[in-house]
Amino acid sequence: MERKVILMNRIPVDVPALGELHFVSSETRKDGEGKTVLRDGVPVQRVNVLIMPADGRPEVLPVDVTQIEPFRLGENARIRIAKLTAHPWKVNGRDGVSFAAESIDPLSGDAK
């Protein structure tokens, strides 16, 4: 069965408008066969980010970042995200939005 994937435009996200950002967890992404997902030969890390908007409910947002080493940040460390983009997608009649960033870094000495 052929899998039909349609990727639409990447949409820049206004990161400061999201509110405070905190690290929750991170893992190297795997495909359906258990192989590491690579982008330009580099592993993709899936980082779960807790978004705490000033006027809304907190929410966890999974963000993909291409980076060799997994993230080593303290739980609930405040972070900054560079060049966050939303990626609308459609696969076999299903659709959604995924997120990717150029980098994620601790705001202070929260790195482990």
Side-chain angles (χ1 to χ4, degrees):
M1 176 169 99
E2 186 176 329
R3 182 177 156 174
K4 184 176 181 181
V5 177
I6 300 171
L7 291 175
M8 298 171 221
N9 292 328
R10 292 184 168 111
I11 303 165
V13 175
D14 180 6
V15 175
L18 297 175
E20 280 190 32
L21 306 174
H22 296 264
F23 176 81
V24 175
S25 63
S26 154
E27 65 184 12
T28 302
R29 282 201 48 207
K30 305 287 184 186
D31 65 15
E33 298 175 358
K35 296 178 185 172
T36 298
V37 174
L38 302 175
R39 186 173 297 143
D40 298 327
V42 179
V44 175
Q45 307 298 325
R46 169 72 46 92
V47 181
N48 291 307
V49 175
L50 176 62
I51 297 172
M52 300 184 62
D55 59 350
R57 276 188 1 200
E59 185 174 337
V60 175
L61 183 73
V63 179
D64 288 343
V65 180
T66 304
Q67 164 173 317
I68 293 173
E69 293 293 318
F71 286 85
R72 300 201 191 318
L73 298 175
E75 187 176 329
N76 206 31
R78 290 198 53 204
I79 57 174
R80 108 178 25 96
I81 298 178
K83 297 188 179 177
L84 181 64
T85 54
H87 305 259
W89 55 267
K90 210 176 240 199
V91 178
N92 295 334
R94 296 180 26 226
D95 57 21
V97 177
S98 61
F99 295 88
E102 184 177 276
S103 66
I104 294 178
D105 298 295
L107 279 181
S108 59
D110 290 326
K112 278 189 170 178

- Query: Quick one: does Q45's side chain have a donor or acceptor within less than 3.5 Å of a partner on Q67's backbone?
  - Reply: yes

Please examine the side chains of W89 and S98, heavy atoms only from C-beta on, and report whether any two atoms are closer than 4.5 Å.
-> yes

Heavy-atom nearest pair, A82 first then A101, reads O-CB, 3.6 Å

Looking only at heavy atoms, the pair that brings L18 and I51 closest together is O-CG2, 3.2 Å

Here the pair of heavy atoms bringing T85 nearest to P12 is CG2-CA, 4.2 Å

Between F99 and the options L84, I11, V65, the side-chain contact (heavy atoms from CB on, under 4.5 Å) test singles out L84

request  = Kindly indicate whether the side chain of L21, heavy atoms from C-beta on, has any atom under 4.5 Å from the side chain of L107.
outcome  = no

Across all chains, not counting sequence neighbours, the salt bridge (Lys or Arg N to Asp or Glu O under 4.0 Å) partners of E27 are none

Q | Derivation and outcome, side chain to side chain contact (heavy atoms under 4.5 Å, CB included), residues V44 and T28 | A | CA-CA 6 Å; V44 175; T28 302; over 6 Å; no

In this structure, CD1 of I79 is separated from CG of D105 (nearest 0.5 Å) by 9.0 Å

Quick check on the hydrophobic clustering: are V47 and V97 connected, directly or via other members, by side-chain heavy-atom contacts under 4.5 Å? yes

Do H22 and R78 have side-chain atoms, one donor and one acceptor, less than 3.5 Å apart? no

- Query: Any side-chain heavy-atom pair from L50 and P58 closer than 4.5 angstrom?
  - Reply: yes

Interatomic distance, CG@N48 vs CZ@F23, rounded to 0.5 Å, equals 8.0 Å

Can you give the donor-acceptor pairs under 3.5 Å from side chains of residues 34-41 to other protein atoms, not counting sequence neighbours?
from: T36; atom 1: OG1; to: K30; atom 2: NZ; distance (Å): 3.1
from: R39; atom 1: NH1; to: T66; atom 2: OG1; distance (Å): 3.1

dist I104:CD1 -> S26:OG (nearest 0.5 Å) comes out at 8.0 Å

When rounded to the nearest 0.5 Å, the distance separating CD of E20 from CE of M52 is 6.0 Å

Quick note, side chain to side chain donor-acceptor pair (under 3.5 Å) partners involving residues 50-65, not counting sequence neighbours, are R29-D64, R46-D64

